[in-house]
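All values derive from a computational prediction rather than experimental measurement. Keep in mind that the numbers below use all heavy atoms, side chains included, and drop hydrogens, waters and symmetry copies.
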2 protein chains.
Amino acid sequence: MSKSSLSLTPVETVACCSPLSREPLSRSDAERIAPLLKALADPVRLRLMSLIASHQGGEACVCDLNEAFDLSQPTISHHLKVLHEVGLIDREKRGVWVYYRARSEALAGLAALVGTAA
Amino acid sequence: MSKSSLSLTPVETVACCSPLSREPLSRSDAERIAPLLKALADPVRLRLMSLIASHQGGEACVCDLNEAFDLSQPTISHHLKVLHEVGLIDREKRGVWVYYRARSEALAGLAALVGTAA
DNA sequence: AGAACATATCGATAAGCGTCGATGTCTTGA
DNA sequence: TCAAGACATCGACGCTTATCGATATGTTCT
C-alpha cells in the first residue's frame with residue numbers, strides 16, 4: 001500500500017459516485033408497493049378501475065363491465081379478482097348481481113407514493 | 001314488440017346498471033399508460049427509480065446502482081433499459097461511466113393520472 | 001498496441017400472465 | 001322442484017418476462 005500510493009490514478013479522485021440526498025425506497029416497501037402497480041399495469045384492468053370509479057357512487061355491476069369489453073366473461077372476472085386481491089376494489093353481492101366499488105384511498109395513496117419519487 | 005310489452009318484467013325496471021358520472025379512461029389512453037405502469041411494477045425497477053431520483057442532482061452512475069442489489073450486472077442493465085425505453089429515465093454516457101437521470105415530469109404526470117381515477 | 005474496466009447484448013431457461021371454453025355455484029322466479 | 005340467469009372457478013394454451021453466464025463493445029491508462 002505504501003508503494004502503490006505513489007501511483008494514485010485520477011480514476012480514484014474523480015469518483016463516479018454521487019452521494020444520496022434522501023433515503024431511497026426500502027426493499028420491503030418496494031415489495032409491498034410493486035404488486036399494487038402490477039395490478040394496475042394492464043390496459044383492461046386500468047379501464048376497469050376507471051370505469052368503476054366513473055360510475056355513480058363509485059360502484060358498478062359486473063354486467064355493466066362485461067359489456068364494455070370485447071372479452072369473455074371469465075376474463076373480466078379474472079381481472080376483477082386481481083384488482084380485488086390487492087385491495088384496489090371492494091366486492092359486494094346484492095341478489096343476483098355483484099357490485100365492485102373503487103377504494104379511492106388506496107388509489108390516492110398509490111398515486112402519492114409514485115409522485116413522491118418524482 | 002306490441003305483444004311482449006304487456007309482460008314487462010321487474011327485471012327491466014329494477015336494472016342492475018347505474019349511469020356514469022364522468023367519462024372513463026379511453027381504450028387508447030389505457031394502452032398508452034399501461035406500459036409506463038408495467039415498467040414501474042417490479043420491485044427492482046421501483047427501487048432503481050427511487051434510488052436514481054434520491055441521488056444528488058437526480059442522477060446516478062450504474063456502478064452505484066449495481067452495488068445496491070444482489071443481482072447480476074446484466075440483470076440491472078436490463079431493468080435500466082426497460083425504464084429508459086418507456087421514457088422514465090434518461091441515459092448519458094460520460095467517459096467510462098453511464099449516468100441515468102430520473103425524468104421527474106414523467107413520474108409526476110403518471111402519478112397525477114393515477115390519482116385522477118381516485 | 002495492449003490491458004483493464006464499465007456497460008450492453010445475446011441466448012437459454014424457468015416462471016408468470018392473459019385469454020378462452022367448459023363447468024360449477026348460487027340466486028330468483030315459475 | 002326445476003329452469004334460467006349471473007358470476008366464479010378450473011384447466012389448458014401461447015406469449016411475455018426475470019434472471020443468469022458468456023460474450024461483445026467502447027473507453028482509459030500504460
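Here Y100(B) does not reach the OP1 or OP2 of dA6(C): none of its side-chain N or O atoms lies under 4.0 Å away. The side chain of Y99(B) places no N or O atom within less than 4.0 Å of a non-bridging phosphate oxygen (OP1 or OP2) of dA6(C). OP1 or OP2 of dA8(D) has not a single side-chain nitrogen or oxygen of H78(A) nearer than 4.0 Å.
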Output a table of donor-acceptor pairs, distance under 3.5 Å, between side-chain atoms of residues 29-38 of chain B and any protein atom two or more places apart or on a different chain; print 'none' if there are none.
{"unit_1": "D29(B)", "atom_1": "OD1", "unit_2": "R32(B)", "atom_2": "NH2", "d": "3.0"}
{"unit_1": "D29(B)", "atom_1": "OD2", "unit_2": "S26(B)", "atom_2": "OG", "d": "3.4"}
{"unit_1": "E31(B)", "atom_1": "OE2", "unit_2": "R27(B)", "atom_2": "NH1", "d": "3.3"}

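Of the residues in residues 69-76 of chain A, those placing a heavy atom less than 4.0 Å from an atom of DNA chain C are L71(A), S72(A), P74(A), T75(A), in numerical order. Contacts between residues 33-41 of chain A and DNA chain C, defined by a heavy-atom separation under 4.0 Å, are made by K38(A). In the region residues 44-51 of chain A, proximity to DNA chain C at under 4.0 angstrom, judged on heavy atoms, holds for R45(A). Annotation: proximity of residues 80-87 of chain B to DNA chain D (heavy atom, distance under 4.0 Å) is found for no residue.
Taking atom CD on E92(A) and atom P on dA6(D), their separation rounds to 19 Å, with Å as the unit. The distance from atom CG of N66(B) to atom P of dA8(C) is 9 Å, rounded to the nearest whole Å. In this structure, H79(B) atom NE2 and dT16(D) atom C1' are separated by 14 Å, rounded to whole Å. When rounded to the nearest whole Å, the span between CZ of R94(A) and C1' of dC26(C) equals 17 Å. Residue W97(A) contributes atom CH2, which lies 13 Å from atom P of dG5(D) at whole-angstrom precision.
At least one side-chain heavy atom of V114(A) sits less than 4.5 Å from a side-chain heavy atom of L40(B). The shortest side-chain heavy-atom distance between D64(A) and L51(A) does not fall under the 4.5 Å cut-off.
In terms of modelled atom types and a separation under 3.5 Å, the side chain of S54(A) and the main chain of S50(A) share a donor-acceptor contact. Counting only distance, with no hydrogens or angles, the side chain of R47(B) and the backbone of P24(A) share no donor-acceptor pair below 3.5 Å.
For the side chain to side chain contact (heavy atoms under 4.5 Å, CB included) test, residues two or more places apart in sequence or in another chain that qualify with A60(A) are I52(A), H55(A), L65(A). Partners of E92(B) according to the salt bridge (Lys or Arg N to Asp or Glu O under 4.0 Å) rule, which considers only residues two or more places apart in sequence or in another chain, are R94(B). The side chain to side chain contact (heavy atoms under 4.5 Å, CB included) search around A112(B) returns none, not counting sequence neighbours. Evaluation of the side chain to side chain contact (heavy atoms under 4.5 Å, CB included) rule for V62(A) yields N66(A), L80(A), V98(A), Y100(A) as partners, not counting sequence neighbours. For T75(B), the side chain to side chain contact (heavy atoms under 4.5 Å, CB included) test picks out L71(B), S72(B), H79(B), with sequence neighbours left out.
Comparing dG26(D), dT9(C), dC26(C) by their nearest atom to the side chain of K93(B) picks out dG26(D).
Judged as a disulfide bond (SG atoms under 2.5 Å apart), not a single pair has a partner in residues 72-110 of chain B (not counting sequence neighbours). Among pairs with a residue in residues 40-112 of chain A, those fulfilling disulfide bond (SG atoms under 2.5 Å apart) read C63(A)-C16(B), at least two apart in sequence or across chains.
To the nearest 0.5 Å, the span separating CZ on R103(A) from NE2 on H84(A) amounts to 9.5 Å.
In this structure, L83(A) and A39(A) approach most closely via the heavy-atom pair CD2-O, 3.8 Å.
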